[in-house]
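Working notes, beginning with the structure itself.
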Amino acid sequence: MFVLQLLIVLLLVVAAVATLLLQARSDRFQAARDRTLAAAEAFAHGPGLVDALRGPDPTAVLQPLTEAARKKGQVDFIAVLNRQGIRYTHPLPAEIGKKFVGTIGPSLAGRTTTESVHGPLGDEEQTVVPVTDAHGAVVGLVASGIKVSRVSSAIDRQLPVLLGAGAAALVLATGGAALVSRRLRRQTHGLGPAEMTRMYEHQDAVLHAVREGVVIIGGDGRVLLANDEARRLLDLPPDAEGRRVTDLGLDARAAGLLASRRVATDEVLPVGDRLLAVNHRPTDRRGGPPGSVATLRDTTELRALAGKAEVARGRLRLLYDASVAIGTTLDVARTAEELTEVATPRFADYVSVDLAPAVLRGEEPPVAVRGSAAEVRRVAVRGARDDHPLYPVGEPVTYAAPTPQATGFISGHPVLVPDLRTAVDWRTQGAAHAERVLDYGFHSLITVPLKARGVLTGIVNFWRTEESGPYEADDLSLAEELAARAAVCIDNARRYTREHALAVTLQHSLLPRGLPEQNALDIAYRYLPAQSGVGGDWFDVIPLPGARVALVVGDVVGHGLHAAATMGRLRTAVQNFSTLDLPPDELLGHLDELVGRIDQEASAAEGEPVIAGATCLYAIYDPVSGVCTLARAGHHLPALVHPDGTVRFPELPAGPPLGLGGLPFEATEVPLPEGSSLVLFTDGLIEDRRRDIDAGLEILSRTLAAPGRSPQEICEAVLDVLPPAEQSDDIALLVARTHVLATGQVAEWELPTDPAAVAGARADVSRQLTRWGLDDAVFTTELILSELITNAIRHASGPVHVRLLRDRSLICEVSDTSSTSPHLRYAAAEDEGGRGLFLVAQLAERWGTRYTSEGKVIWAEQPLF
């Protein structure tokens, strides 16, 4: 209605405005014609006009006169024409002498002509009047014109008033319609006729279909409406509507409540053999009609149902709590404890969990044989008190075959013992134990196997004491559900334990089992695996020829078996490359190529992960010169602790991580004073999510800044300060304190490339060994050096350098400027040479060749007895 009224008023206003606009347009055209006619007539009948037209120069005489008349007549032009229509005058001088635009025929016949034309000044209304002489003959014409737009009308003044009145009418009509509509919507609660009809139909259907009685009582105490359920519950007569409540034969208490205006909420009233919950409210509290309304519910059966619903609600809540609280960790024992914490005291007074011993090791338990005993271990037990007679945690338990525990564990089905005093099978576990259990107050038991993915991992026992009622058959489903949720979590923890144990075993098998024997460095190390999972950190100490020692620290990005296996491959590769006695930068180059090939193989194989990143630091310490040669591939700088406690991080070229390829590695020589300590570590030691690397390096530097500590003490000091509380990465720490061979342990000679020099060299070596007290090694050493020096003189150019080192073994070294290495081979009977290296290999414990920037060094080691 509101929209309809609004549209009607709007249409009326629009129609009125349109009518006035059309009328104004007509008035404006008529006013223009009248003004032009008046101006033309006035000028055409002016005195002297005929004489001027017949004069020699009409324009000179008439142009000023027409302009004056045009301005006074408020028209756009007054033009005087001859009979041919040629203009004598015009407001635009350029138009004088031109032919008039318009109709002049009727005017030449003596009539006045009015028309609309498009002339020189635009769209105009013009009038043409004939000029006659004294005899009535037409001697010329006078035309007057004006633009319609210049003509104002009353509508211009009336239109604002009209529009204002229309707007006011529209506003008043809108406001009136809005008020009427608002009152109607308030009275009908915003419903239309169709909606109101449908509402009343629905109300009638609901009132007679719901299982709740509804009674509406008027202000005079008479029943206005009672639905079918109210009639049934109150046993009302058919003619109850219209009668007083007190006349319906109801119970006095019920009748008094319904007839009063008292508010009642779920007040229970006895009506016949029923208990009714009555809600009673007056209807006039918010401006409604006087009276009251009452709703009635039969609670006779609801009380029993409410108890069952409350039990079901409690069980659902318990299951929800179990799904949240059980399995928060991947620890088998902790998961079992969480099951006991959830189940007590809401479902059981005491709960005990027994698991197969293999489960605790992460293994799959063997299949139990029907009729055999169940061998388990008590993992968790919880109850109201700690003085219970149940088996304690950690104790191995063997349940006899007839017991409920053995039956449940072997069969995989739950067992309910509602009354322990009358049951017999559970007593076979031991009469004394059974008596202690009964004397403590246990009277009911449910045993449920822990089964997940077809694997029986253990059993859970739910006990009740005298404070709780006995278990019933309905409790079995809840016990099974709790056990099933816990069994899946325990099996997940078991699998994790197995996988973690395998990974840790693999990792430990790939790491050094001990430190090799050498005298160049005092070494201590620590390896701390991550708290969860295994990583790819590794370290190594590799003895090299010439009493040198290689130190290696590396890190493979990631965790798990793949990282541990990759670490093992890289460690093995470093050990193999070190046997070639390569410089650190060349060794890292070979290792980089190996990682690249591993990634190519992994890319070709679907599903195999590539090496996400690996870093390595390789150092070779020479105790003769006291110089350490280092190279790194994306690894952190080592820390150097001087004997006075000064700590610095030597600047090493930062090579790219392994596997990137394309860039060479660069080695740096760092002199290490005797007694200084070189500290190598992986990023797990200094990196933490709560601090950046610079802060970790600063803490490490402060911790190392103390003189006189042994490598073991340095390791302990560092690990007491740096590792984060939640260690998420492996930590490898390697500390090496340097020693330098004494001058008396090294002997060197420079020999010319002359075979005659061999004899002198043998003599010098014999004297040196005698001074060292190694007379037993003189003969063997002379033979070894004779062969090595002879080969060097024969096949090399330049001087030959001989060096003897007395360390854990006697080391003979012969160096020359040639890069050609001799090879061990079997000489034929007719060969003159080829037997020298064979003798060296037989007499020495080890021998080999290493290359230097000047040439090569052939060395041989002999044990010292």
Side-chain angles (χ1 to χ4, degrees), residues 519-520 543-548 581 622-627 739-827 830-865:
N519 293 335
L544 298 177
R548 297 169 303 141
D581 209 350
D622 187 353
V624 178
S625 62
V627 174
H739 294 286
V740 178
L741 291 182
T743 306
Q745 294 179 271
V746 182
E748 299 180 272
W749 298 276
E750 191 81 22
L751 302 179
T753 56
D754 184 0
V758 177
R762 284 200 301 267
D764 293 338
V765 168
S766 297
R767 286 191 294 272
Q768 182 63 46
L769 292 179
T770 300
R771 284 195 294 269
W772 283 346
L774 302 176
D775 297 318
D776 294 338
V778 170
F779 178 74
T780 303
T781 306
E782 286 182 347
L783 284 177
I784 293 173
L785 283 177
S786 295
E787 292 299 332
L788 297 180
I789 294 172
T790 300
N791 281 338
I793 294 174
R794 178 179 299 175
H795 301 289
S797 60
V800 176
H801 188 79
V802 178
R803 186 170 73 168
L804 286 182
L805 301 177
R806 183 186 177 188
D807 192 39
R808 301 183 67 88
S809 61
L810 181 62
I811 304 170
C812 305
E813 296 181 346
V814 177
S815 58
D816 56 54
T817 58
S818 173
S819 60
T820 304
S821 176
H823 297 283
L824 181 65
R825 64 184 178 87
Y826 286 98
E830 64 274 9
D831 291 342
E832 294 183 0
R835 296 174 179 83
L837 285 180
F838 183 79
L839 289 175
V840 172
Q842 296 300 315
L843 295 175
E845 184 179 40
R846 294 191 306 154
W847 77 279
T849 303
R850 73 173 182 270
Y851 294 93
T852 64
S853 58
E854 294 83 12
K856 67 177 182 297
V857 177
I858 304 177
W859 55 270
E861 290 186 7
Q862 304 173 67
L864 295 178
F865 302 101

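Please read all numbers here as calculations on a predicted model, not as lab measurements.
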| task | With the side chain counted from C-beta on, respond yes when Asn791 and Asp816 share a heavy-atom pair under 4.5 Å apart, and no when they do not. | result | no

| request: For residues Asp775 and Leu769, determine if any side-chain heavy atom of one lies less than 4.5 Å from a side-chain heavy atom of the other. | output: no

| request: Give a yes-or-no answer on whether the side chains of Thr781 and Gln862 include a donor-acceptor pair shorter than 3.5 Å. | output: yes

| said: What verdict does the side-chain contact (heavy atoms from CB on, under 4.5 Å) test give for Val765 and Trp749, after you've listed the backbone C-alpha separation in whole Å, the side-chain angles of each residue and the deciding distance to 0.1 Å? | reply: CA-CA 9 Å; Val765 168; Trp749 298 276; 3.9 Å; yes

| With a 4.5 Å limit on heavy-atom distance, are the side chains of Gln768 and Glu748 in contact? | no

| Is there a side-chain contact between Lys856 and Ser815, using heavy atoms and a 4.5 Å cut-off? | no

| note | Value for CG (Asp807) from NE2 (His739), rounded to nearest 0.5 Å, stands at 11.0 Å

| message | Which residue is it: Val814, Asp754, Leu751, Val758? I am looking for the one with a side-chain contact (heavy atoms from CB on, under 4.5 Å) to Ile793. | response | Val758

| So do the side chains of Ile811 and Arg803 get within less than 4.5 Å of each other, counting heavy atoms only? | no

| said: Could you go through Leu810 and Trp772, starting from their C-alpha distance and side-chain angles, then the distance that decides it, and tell me whether this counts as side-chain contact (heavy atoms from CB on, under 4.5 Å)? | reply: CA-CA 11 Å; Leu810 181 62; Trp772 283 346; 3.9 Å; yes

| request: Hey, could you give me the CG/OG1 distance between Leu843 and Thr780, rounded to the nearest 0.5 Å? | output: 5.5 Å

| task | Mind listing the closest non-hydrogen atom pair of Trp859 and Thr849 along with its distance? | result | NE1-N, 3.6 Å

| query | Which atoms form the tightest heavy-atom contact between Ile784 and Ala860, and what is the distance? | reply | CG2-CB, 3.9 Å

| field | 4.5 Å side-chain heavy-atom contact, Ser809 and Glu861 | value | yes

